[in-house]
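These numbers come from the heavy atoms of this one structure, side chains and all, not from hydrogens, waters or symmetry mates.
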Amino acid sequence: KVVGVVLTGMGRDGANGLKKIKEYGGITIAEDKSTCVVFGMPKVAIEEGAAQVVAPIHEIADRILEAIERLS
């Protein structure tokens with residue numbers, strides 16, 4: 001029962017982590033391009049299907065709470 005979130009940043013390590021979380025039944029969230037300073041890591045996560053939810057930064061906290069409720 002894990003929720004993973006990738007925010008603005010570069011690289012692919014966050015996408016790799018989200019893939020593992022998703023593989024084991026967790027819920028994964030990535031920040032939307034509209035609020036990212038650097039859209040590198042979230043973009044990779046989204047393109048590779050690792051992110052189940054994509055939301056702007058101001059909605060991330062609500063998406064985390066929703067994910068926790070679903071996993072409960």
Checklist entry - Rounded to the nearest 0.5 Å, how far does CE of M41 lie from CG of N16? => result 9.5 Å
Checklist entry - How many angstroms lie between CD1 in I57 and OG in S34, if you round to the nearest 0.5 Å? => result 10.0 Å
Next on the checklist: Can you list everything that forms a side-chain contact (heavy atoms from CB on, under 4.5 Å) with E48? Sequence neighbours excluded, please.
Outcome noted: R12, K19, V44
Which heavy atom in [X] sits nearest to a heavy atom in [Y], and how many Å separate them?
| X | Y | value |
| --- | --- | --- |
| I46 | A51 | CG1-CB, 4.2 Å |
| F39 | D32 | CE1-C, 4.1 Å |
| A50 | A15 | CB-O, 3.8 Å |
| V38 | P42 | O-CD, 4.2 Å |

Next on the checklist: Please identify which of these residues, T28, I68, I21, meets the side chain to side chain contact (heavy atoms under 4.5 Å, CB included) condition with V3.
Outcome noted: I68
Checklist outcome for this item: Test side chain to side chain contact (heavy atoms under 4.5 Å, CB included), reference V5, set I29, I27, L18, V53, output is I29
Item to check | Verify same cluster id: I64, L71 (apolar side-chain graph, 4.5 Å) | outcome: yes
